[in-house]
Amino acid sequence: MTRPAARGAAPRAEVFDADIAGRMLDVGLLRRLLAWLAPERMRYLLSGVLVLVQAVAQVMLPVLLSIVVIDRVLMGETDSAVPDFGLVALTSALADATGTSLLFAACLLYGVVQIAVAVAGHWHRVTLADAVVRGLSRLRRDVFVHLIRQPAAFWDRVAVGRVTTRVTNDVEALYELLRSFGALVGEFVPFFVALSIMLAADVKLTLIMLAFAPVLGIMTFLFRRLTRNLYRAARQSVSLLNQTMQENLAGLTVVQLHGREGENLARYTAINETNRRNETRAQGIETVYGAVNSSLSDLAVAAVLWFGGLAAVVGDGSGEALTLGTLVLFTRYIDMLFQPIAALGDQYNLLFRAMASGERIFQALDWHIPVHRPARPAALPAHLAGRLSVDRLTFAYGEGVPVLRDVSLEVPAGTRLAIVGPTGSGKSTLVRLIARLYEPPAGSVRIDGVDVMDVDPAQLRRRLGFVLQDFHVFAGSILDNITLGDPEISRERAIEAAGAVGADTFIEALPEGFDTPLAERGRNLSQGQRQLLAFARVLATDPSLLILDEATANVDPETEALIQRALDRITEGRTSIIIAHRLATVADADRVLVLVNGEVEAIGTQTELLDRSPTFARLHAMQFREL
Ligand code: ADP
């Protein structure tokens, strides 16, 4: 059953296409996201503790270098304005314990603290990434579950390819967001610790350094604004490139047969060129930014050396000269002050993108078409006879005009009904309604007297057998494709079903028989073979009611005979509704329904219809001419 494009009246592609507000921080959204992250709260806590350990150790390194080594050990300075956090005492204790010099003990300590920084940092990142990935894989699964539960009416309004790429990329963007959020925390904790140490050491010098911060902040912001649009354009052109490539490869035969290679190449080249221009410009801006950024921190070093150097040599007027160690300490802390500001700028674009991604994911989760699930579902009898009655059924897709009007019919149990009619007359729609893929606003469909709307849809479909025009192949072997993973269908039963429809001959000739893996979309099968497999699949489930959309493609007479035999076999003694495209099928049916423009023109045996239905007489004559 192919699904033609929805009519104009039906709202299309509302999901994933709605305008995204693009806010930088959407608290509501983050709060919702938290619901998925909550189960890993202990991991986040551990990662938070680790980042604190790392930050403290990181800030202690310059203190060790400048206050302990330079001031105390090398310069013999005893009163420094900078607190030493007990590191001097620790160094002497270590020297005593190991029987080494103070200098050696200080260097040893420096090495140990450095290792602590590395280990805590690594452990923090691994824990965080692990926690984030766990939460997001749950989110991804929930989105998938939500999507596969949507009724057919949902998919009429959504472009499938778009959903797939969006769900994949948007979850990826959220991962980046959460990971970089952790990284930012790792940058800002040392920022504040270093800042308070510097303020304690020398307020004036700290303020001089801080004067550079707003310059860096504003510059970073401006650069990011500039690159944001370029990167967005680059991303768009990349997805356009992928789409073009995909379309061309999927439709390669058409492209080659119509000699469209040149035009398509030109189109591809143009998009490729746009992409190159945007990437190059963005890279150009990046390098300028990088250079300005590092020059700025070097300028700050120069300023500190100048003002601090003066204070160290002549004193700053307060009577106390700056120690050499303090001066070194300041130059070492510059990066800790500047790094987070630059990092914040780096995260700026990411934050925007991730917020939009989050919004789209939640949009997908919120958007659904309500499915009527009966509060107390009627149980279908254990054995269905398969009597079908359709009563005054009227149906329209979306808000459009009705494609079925007042359709009524009766199919006695165990008989075959063929449906014929011009394309677009509503044949597929009718069988979709019988399977409850859509919900009719008026009229009823009853199986053995039970209204299908009163039955749990999943239970109903288990009793129905569907053979669609396209035999959809899933990744797996021939056997997997017959059982579709249903544990109730044993290997023996699947093989028996294949034998019954005459599919065993070609299957056993395959290199691995029933275990032969099927290529993508079943490329390694012929049209006729696919048809036989579809029959085997449905026969294995032993349905009470069979609905079959006959393949329209022409097959050779030999395969035709094979299919005919298989068709007889699977419809034998079973209520069957067949959208018929071949005269043989019509001839075999107990009765034929002629559908024209969504209305029943006539229903009866073939001979009756030749008299009563002008449409049937015309179709009949046309097919005979073809034969
Ligand atoms: P047939 O099977 O007889 O060719 P269909 O039942 O497929 O006819 O289509 C009947 C009418 O309903 C056509 O006008 C078709 O365009 C429209 N239609 C079919 N499927 C959809 C859909 N998913 N959304 C909107 N309109 C549809």
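These numbers were taken from a predicted model, which means no experiment stands behind them. Atoms within a ligand are numbered from 1 in the order they appear, just like the ligands themselves.
- For atom 21 (C) of ligand 1, the candidate residues are Y397, Y438, F395; the nearest heavy-atom contact is made by Y397.
- Legend: salt bridge (charged side-chain N to carboxylate O under 4.0 Å, His left out) pairs involving residues 445-463, not counting sequence neighbours: none detected.
- On a distance-only criterion, T423 and ligand 1 share no N/O pair closer than 3.5 Å.
- Taking every non-hydrogen atom of R432 and a distance limit under 4.0 Å, the qualifying atoms of ligand 1 come out as 20 (N).
- Considering only heavy atoms from C-beta on, L593 comes within 4.5 Å of L430 through its side chain.
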Given side-chain contact (heavy atoms from CB on, under 4.5 Å), test H620 with Q606 step by step and report yes or no. CA-CA 10 Å; H620 194 265; Q606 201 183 345; 3.3 Å; yes
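- Proximity of G424 to ligand 1 is established by a heavy-atom distance of less than 4.0 Å.
- Rounding to the nearest 0.5 angstrom, the gap separating the CD1 atom in I478 from the CD atom in E508 is 11.0 Å.
- Ligand-side atoms of ligand 1 in range of T429: 5 (P), 6 (O), 9 (O), 10 (C), range being under 4.0 angstrom from any heavy atom.
- Considering CZ of R140 and CG of L136, their distance stands at 7.0 Å, rounded to 0.5 Å.
- In terms of polar-atom proximity, defined here as any N/O pair under 3.5 Å, V403 makes no such contact with ligand 1.
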